[in-house]
Amino acid sequence: MQRDLRFCLDLLRSADRFLTIKREVDPKFELPAVVKASEKMGKAVFFEKVKGSIFPVVNNLFGSREMLALLFETKPERVVNEWIGRVRNPIEPRRVSSGPVKEVIRKGAEVDLTEFPMVTHCSKDAGPYVTAGIVVARDPETGQRNVSINRMQYKGKTKLGIRMMPPQHLGIIQEKCEKRGKDLEVAVAIGNHPFETLVAATTVAYGADEFTLSSALRKEPLELVKCETVDLEVPATAEIVLEGVVHAGVREKEGPFGDFMQYYVPVMENHVFEVKAITRRRDAIYQTIQASSLEDVHLLALSREAKVYEAVSRVADVQAVCLVPTILSCMISIKKQFEGEPKNVAAAAFGAYAWLKYCVVVDHDVNVFDVNDVWWAMATRSRPETGLLLVEKAMGFPRDPFNLHQSKLGIDATAPLNQWEEFERKIVPGADSLRIEDYL
Ligand SMILES: Cc1cc2nc3c(=O)[nH]c(=O)nc-3n(C[C@H](O)[C@H](O)[C@H](O)COP(=O)(O)O)c2cc1C
């Protein structure tokens with residue numbers, strides 16, 4: 001049996017990382033509020049009853065490194081290494097004749113998006129949004145598949161506003177279609193195994209197929225089924241699939257929407273997705289992701305941590321890389337061998353991943369997954385007059401109306417070389433393994 005969303009839910013349930021909300025919740029604000037209130041628990045949240053819909057909702061499948069470790073069958077600090085090892089061997093997905101996502105098929109006049117939970121996340125959002133759909137499309141010249149995540153605003157029974165723009169690959173593909181006067185066929189799969197969601201949030205070389213990566217993460221071919229109304233394939237075990245077209249030359253107002261930086265992106269003239277068919281499981285589970293949540297950050301961080309890890313491994317003995325809690329900054333621990341080496345490490349990280357704005361390099365005894373520990377290292381080990389690497393006017397996060405994100409700062413927060421007698425951290429023997437209950 002192919003691993004799917006339900007396999008993941010069972011895994012999380014058996015590891016006590018699953019919360020069931022039995023009380024009916026309003027999808028407008030209340031559901032996201034419960035998610036926000038519970039995200040620090042590091043548990044998936046499953047809403048059995050959502051007002052106005054027959055479908056349950058799940059959220060926060062990978063909102064912590066511990067949850068990702070369960071999926072990758074490794075330790076939390078090894079998740080990035082596991083990712084790097086697995087994606088080295090891409091595997092072609094496999095076409096199958098049918099799958100659970102074909103249990104119910106609705107076409108044309110039967111299509112009604114409003115049967116799904118209309119989750120409105122933030123106070124100033126333009127309305128309900130689909131946030132956990134992976135968007136499948138093809139380059140019109142090469143036929144190469146692309147998979148990405150794009151926010152979609154509910155606009156009617158068959159209509160969604162969708163955000164896409166170059167240099168993101170889906171935006172490039174749509175532009176190519178539009179130049180030919182062609183509508184772009186898309187299929188959006190909602191309720192996937194996290195490996196598909198993770199690769200959809202990954203930037204790969206243009207033309208590379210993200211599903212060969214998720215197959216690599218699975219260590220077996222992802223099973224795909226043909227769509228009903230468009231020439232595309234989608235995961236056979238997805239919960240729900242929306243099929244349709246993005247119309248050439250059509251733009252409508254979309255937004256505002258509370259985005260991954262915790263700000264509202266303004267109203268924009270964006271594309272329109274007309275849904276022509278819906279296929280789904282009979283008892284489909286609807287999935288949402290809250291932008292800027294721990295789940296969203298981990299989703300965006302992992303593949304980018306891998307990119308940075310591989311690049312800095314070429315210049316130093318890297319121990320760990322962390323892009324949480326914000327993917328515009330990173331913390332890297334190394335076994336320092338040369339004075340000045342941390343600046344090379346920061347430069348390599350900036351080169352590998354353009355959105356990085358800050359990079360703090362610490363010694364191997366600092367836990368990069370704990371910002372308090374990194375802050376401690378900065379306060380006690382950095383030397384501001386010589387330990388900073390400022391890169392002015394480089395390339396950074398592209399939507400930057402106030403020109404805040406185009407320069408970079410590397411911070412060397414490592415101790416002076418060969419001075420471990422002065423900088424050895426004190427240890428209280430036994431404190432880490434002690435159980436306070438034994439003393440009560
Ligand atoms: C929850 C979520 C929502 C996202 N929304 C958008 C979006 O609306 N537009 C966009 O271009 N990228 C969005 N992204 C980021 C892209 O999915 C990501 O950059 C991906 O790598 C783009 O893939 P592509 O270059 O193959 O199109 C979102 C990511 C997440 C996790």
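Every number for a ligand or one of its atoms is a count from 1 in the order of the listing.
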[atom]: the protein heavy-atom neighbour that sits closest, reported with distance to 0.1 Å:
{"atom": "atom 25 (O) of ligand 1", "answer": "H169 N, 2.8 Å"}
{"atom": "atom 17 (O) of ligand 1", "answer": "I149 O, 2.8 Å"}
{"atom": "atom 8 (O) of ligand 1", "answer": "R151 N, 2.9 Å"}
{"atom": "atom 10 (C) of ligand 1", "answer": "N150 ND2, 3.7 Å"}
{"atom": "atom 22 (C) of ligand 1", "answer": "Q168 CG, 3.6 Å"}
{"atom": "atom 9 (N) of ligand 1", "answer": "R163 O, 3.2 Å"}

Is K159 salt-bridged to E252, cutoff N-O under 4.0 Å? yes
Could you tell me whether D283 and R6 make a salt bridge, using a distance below 4.0 angstrom between a side-chain N and a carboxylate O? yes
Backbone, side chain, both or neither: what part of [X] comes under 4.0 angstrom of ligand 1, heavy atoms only?
{"X": "T203", "value": "both"}
{"X": "R304", "value": "side chain"}
{"X": "V204", "value": "neither"}

Can a non-hydrogen atom of [X] be found less than 4.0 Å from any atom of ligand 1?
{"X": "M152", "value": "no"}
{"X": "A200", "value": "yes"}
{"X": "A291", "value": "no"}

State whether the side chain of S407 and the backbone N or O of K393 hold a donor-acceptor pair below 3.5 Å, judged by distance alone. yes
Would you mind listing which atoms of ligand 1 come within a distance below 4.0 Å of any non-hydrogen atom of [X]?
{"X": "M165", "answer": "11 (O)"}
{"X": "S148", "answer": "22 (C), 23 (O), 24 (P), 27 (O)"}
{"X": "E210", "answer": "26 (O)"}
{"X": "L299", "answer": "31 (C)"}
{"X": "T131", "answer": "1 (C)"}
{"X": "L170", "answer": "27 (O)"}

Is the closest N or O pair between I289 and ligand 1 shorter than 3.5 Å? no
If we only count N/O pairs under 3.5 Å, is N146 in contact with ligand 1? yes
Where does the angle between the aromatic ring planes of F257 and Y129 fall among parallel (under 30°), tilted (30 to 60°) and perpendicular (over 60°)? tilted
